[in-house]
Number of protein chains: 2
Amino acid sequence: MKKVTILDIAKELNITFSTVARALNDHPAISKSTKEAVKKTAEKLGYSKNKIASSLRSGKSNIIGVLVPSLDVSFFSSVVHGIESIMNQHGYSILLYQSQESYKKEDKGIETLLNSRVDGIITSFAIDREDSTIFEEIISKNIPLTFFDRALYQLNAPSVTIDDYKGGYMATEHLIQSGYKKIVHITETRDLSIFKERLKGYLDALKAYNIPVNEDLILKGNLSLNFGKDCVKELTSRGIDFDAIFTLEDFTAMGVIQQLKSQQIRIPEEVGVIGFANEAFGSLVTPSLSTIDQQTHLMGQETAQLFLTMLKEGSFYKMAPQRIKLDPLLIVRESSKGPQL
Amino acid sequence: MKKVTILDIAKELNITFSTVARALNDHPAISKSTKEAVKKTAEKLGYSKNKIASSLRSGKSNIIGVLVPSLDVSFFSSVVHGIESIMNQHGYSILLYQSQESYKKEDKGIETLLNSRVDGIITSFAIDREDSTIFEEIISKNIPLTFFDRALYQLNAPSVTIDDYKGGYMATEHLIQSGYKKIVHITETRDLSIFKERLKGYLDALKAYNIPVNEDLILKGNLSLNFGKDCVKELTSRGIDFDAIFTLEDFTAMGVIQQLKSQQIRIPEEVGVIGFANEAFGSLVTPSLSTIDQQTHLMGQETAQLFLTMLKEGSFYKMAPQRIKLDPLLIVRESSKGPQL
DNA sequence: ATGAAAGCGCTAACAT
DNA sequence: ATGTTAGCGCTTTCAT
């Protein structure tokens with residue numbers, strides 16, 4: 001089965017290949033009858049348009065690069081799900097790259113995407129990235145770039161994130177309003193602004209309700225289920241007085257819950273717990289886990305939409321970039337129902 | 001910033017562009033000194049190789065299409081994670097498509113992938129697919145095709161699946177060996193061989209242990225958490241005698257657990273439960289859910305590896321295709337610890 | 001409404 | 001070790 005080109009169709013119909021090309025692209029100047037004839041023989045011969053050739057000539061690939069830390073993290077796979085669905089509807093394909101949270105792999109990925117002449121890049125960058133020059137290069141080449149979830153605000157690129165500050169504030173306020181007073185926050189050692197924002201929200205909520213900040217109640221480490229367990233162990237062994245825990249994300253919260261249960265500390269009567277991210281397991285565990293939803297589906301859609309808008313504009317980085325901040329959603333479940341009166 | 005081509009580098013160095021091309025591709029016949037000079041000026045001028053042009057000329061895109069139902073299902077995103085990682089290490093990029101379990105979108109996806117001249121396709125096809133002609137076309141065009149999880153065995157294409165029969169057998173045998181005797185199986189109405197295999201495993205395990213099959217204990221529907229709840233309601237309202245439930249996947253099992261708990265039926269003392277898929281929440285719920293692990297990471301790796309082997313062969317569909325069946329893993333947790341003595 | 005011709009940026013066969 | 005040359009299969013401008 002040798003490959004069929006527009007030339008083969010042209011020969012079959014005794015017209016030139018440029019007429020065929022126009023017919024296949026629904027060019028207005030081509031008569032209805034030739035269009036039909038062309039499409040029929042294309043079908044008959046099993047013609048498949050060579051997008052590589054047309055991309056080379058036209059300078060547009062209709063492919064956009066999506067670069068994320070890892071599809072093994074449900075947050076990212078969920079957003080990518082949304083991005084692919086929307087872009088697909090608009091005739092774009094997704095070239096996928098995972099950085100595995102390593103900026104070196106990310107740099108390599110960006111190079112490959114650029115070599116592939118993607119029409120633009122959508123990304124949430126690696127946790128260990130320290131300088132933004134590679135993204136500046138993309139911008140200076142006038143290639144559309146859109147961030148989601150993790151954004152570099154010093155750059156002139158649009159972004160879709162959730163309001164992590166607000167999320168942190170909401171979680172903390174909810175605990176306070178439920179009657180908790182000595183609220184622990186577990187955060188990250190690694191320097192990522194989204195975690196700092198959540199911490200800020202925590203601090204401001206305490207302030208707003210006139211609760212003094214106690215440094216003993218702010219624990220730092222590397223997020224994981226086991227870290228959550230360790231935090232509870234440390235708090236109890238050091239005899240620190242607390243009645244609620246707000247963790248930077250759900251897996252850590254899960255560790256907290258498991259350890260509290262194993263030490264026979266009742267949730268939510270003795271200690272309230274709230275996480276962040278609304279992982280699938282939160283509604284299924286006992287007690288079910290209160291959390292902050294990050295609206296992953298909405299984020300995927302908004303990101304794709306924002307990117308498409310940018311593409312249409314033509315001259316990308318001229319105006320101030322649009323920065324969409326999605327509202328986090330408070331999901332109240334059993335784990336934060338309030339202390340025993 | 002206009003684009004830099006090998007011609008620009010050639011002019012800069014007063015050599016021909018074909019020497020430049022060879023230097024950049026580390027052609028053995030090029031002297032070390034020119035290679036260095038070329039690479040230095042390439043860097044200096046900000047050259048970025050146009051993969052589209054080289055693909056057009058060479059007939060190889062170094063891109064493979066990955067077509068899955070949805071990244072919102074953790075099983076698939078996990079396997080795609082593995083596939084991307086491995087292919088990436090071997091210099092391939094992934095063009096991603098989601099069928100959303102619709103064979104129509106899948107057909108469109110395949111067409112786009114073929115138009116994009118991918119070097120091959122890796123897929124787990126849509127649940128509603130009824131005929132295999134589109135895959136036969138791919139094969140007849142001699143384009144490498146590899147299935148994972150859901151395979152069409154009548155086709156001459158390699159596949160990586162887990163042994164669903166064995167998984168069904170293991171789950172059932174485990175319940176029997178734990179002391180359960182009246183074992184329900186919840187399965188799918190829709191016609192997908194993986195579910196039928198699990199059912200077969202269930203039936204054969206019963207047979208092997210001389211337990212008569214009771215049709216009342218085999219329930220069919222569309223998998224979901226709520227369906228699991230409904231099944232328990234139906235079983236109890238109809239007064240059917242049962243002491244264990246094996247569900248076709250974990251979300252349904254979760255529904256079963258929630259409904260049993262809400263009816264004050266104790267797990268595992270009164271009713272044992274085992275699911276299938278080893279979703280993330282299984283270890284976190286109470287009681288923790290016994291299940292069958294599908295080895296998603298291994299599946300991703302094996303699929304990528306099998307595909308790469310195929311690529312190397314050159315003439316694809318000549319020999320009998322390799323069909324890798326991975327062993328499922330029995331994960332015993334609290335929900336199937338055995339009935340009260 | 002259609003044809004002719006140029007060329008996108010590479011690779012690769014064939015020179016020298 | 002390097003140069004010459006001919007395309008890959010389209011899109012697009014200019015003619016007719």
Side-chain angles (χ1 to χ4, degrees), chain A residues 1-39 41-42 45-63 91 111-112 114-119 141, chain B residues 1-39 41-42 45-63 91 111-112 114-119 141:
Chain A
M1 187 140 181
K2 43 108 178 111
K3 47 216 159 178
V4 181
T5 73
I6 48 173
L7 197 62
D8 298 310
I9 300 175
K11 279 181 196 152
E12 187 89 4
L13 294 171
N14 279 314
I15 51 179
T16 67
F17 69 95
S18 76
T19 304
V20 173
R22 279 188 277 244
L24 290 171
N25 291 331
D26 267 324
H27 188 105
I30 300 292
S31 73
K32 202 161 256 177
S33 57
T34 28
K35 274 185 193 172
E36 275 167 23
V38 165
K39 283 173 188 172
T41 33
L45 299 179
Y47 171 75
S48 157
K49 172 174 183 164
N50 188 327
K51 280 188 77 183
I52 293 184
S54 71
S55 297
L56 176 60
R57 183 58 235 256
S58 69
K60 285 197 76 264
S61 63
N62 275 307
I63 291 175
E111 195 192 331
T112 310
L114 294 179
N115 289 349
S116 299
R117 297 298 187 264
V118 292
D119 290 342
K141 284 181 180 155
Chain B
M1 188 138 179
K2 43 104 181 116
K3 45 216 161 175
V4 181
T5 73
I6 48 174
L7 197 63
D8 297 310
I9 300 174
K11 278 181 196 153
E12 186 89 3
L13 293 171
N14 280 314
I15 53 179
T16 66
F17 71 94
S18 78
T19 304
V20 173
R22 279 189 276 246
L24 289 171
N25 291 330
D26 269 324
H27 189 106
I30 300 293
S31 74
K32 202 162 257 177
S33 57
T34 31
K35 273 185 192 172
E36 276 167 22
V38 166
K39 283 172 188 172
T41 34
L45 299 178
Y47 170 77
S48 157
K49 171 173 181 163
N50 189 326
K51 280 187 76 183
I52 293 185
S54 72
S55 296
L56 176 61
R57 182 59 236 254
S58 69
K60 285 197 76 267
S61 64
N62 270 41
I63 292 176
E111 195 192 331
T112 310
L114 294 179
N115 288 350
S116 298
R117 297 297 189 264
V118 293
D119 290 343
K141 285 182 179 154

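Keep in mind that what you see is a predicted model, and the values were worked out from it rather than measured.
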Shortest non-hydrogen contact from D8(B) to T5(B)? OD2-N, 2.8 Å
For residues 21-35 of chain A, which residue pairs qualify under salt bridge (charged side-chain N to carboxylate O under 4.0 Å, His left out), counting only residues two or more places apart or in two chains? D26(A)-K35(A), D26(A)-K39(A)
Quick test of your reading: applying salt bridge (charged side-chain N to carboxylate O under 4.0 Å, His left out), list the pairs with at least one residue in residues 10-20 of chain B, sequence neighbours left out, ordered by first then second residue. E12(B)-K44(B)
Is there a side-chain contact between [X] and [Y] in this structure, where contact means two heavy atoms from C-beta onward sitting under 4.5 Å apart?
| X | Y | result |
| --- | --- | --- |
| K51(A) | N62(A) | yes |
| S55(A) | R117(A) | no |
| K141(A) | L114(A) | yes |

Phosphate OP1/OP2 of dG3(C) contacted by T16(A) side-chain N/O (<4.0 Å): yes
Estimated bend of the helix from dA1(C)-dT16(D) to dT16(C)-dA1(D) (axis per five terminal pairs, rounded to 10 degrees): 30°
Strand-adjacent residues in residues 27-34 of chain A, judged by heavy atoms under 4.0 Å from DNA chain C: A29(A), I30(A), S31(A), T34(A)
Take nucleotides 9-16 of chain C nucleotide by nucleotide from the 5' end and write B, S or -, depending on whether a protein heavy atom sits under 4.0 Å from the base, only from the sugar-phosphate, or from neither. BBBBB---
Using atom types as modelled and distance alone, determine if a side-chain donor or acceptor of S58(B) lies under 3.5 Å from a backbone N or O of K60(B). yes
Just by modelled atom types, is the S61(A) backbone N or O under 3.5 Å from a matching donor or acceptor in the D119(A) side chain? yes
Whole angstroms only, please: what is the CD-C1' distance between E36(A) and dA1(C)?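 Value for this atom pair: 16 Å.
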Just the rounded figure in Å: distance from P of dG3(C) to NZ of K11(A).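 Result: 15 Å.
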Excluding sequence neighbours, so at least two apart, what forms side-chain contact (heavy atoms from CB on, under 4.5 Å) with T19(A)?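 In terms of side-chain contact (heavy atoms from CB on, under 4.5 Å), with neighbours along the sequence ignored, T19(A) is linked to I15(A), T16(A), I30(A).
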Before giving the answer on side-chain contact (heavy atoms from CB on, under 4.5 Å), spell out for Y47(B) and I6(B) the whole-Å C-alpha distance, their side-chain angles and the decisive distance to 0.1 Å. CA-CA 8 Å; Y47(B) 170 77; I6(B) 48 174; 3.6 Å; yes
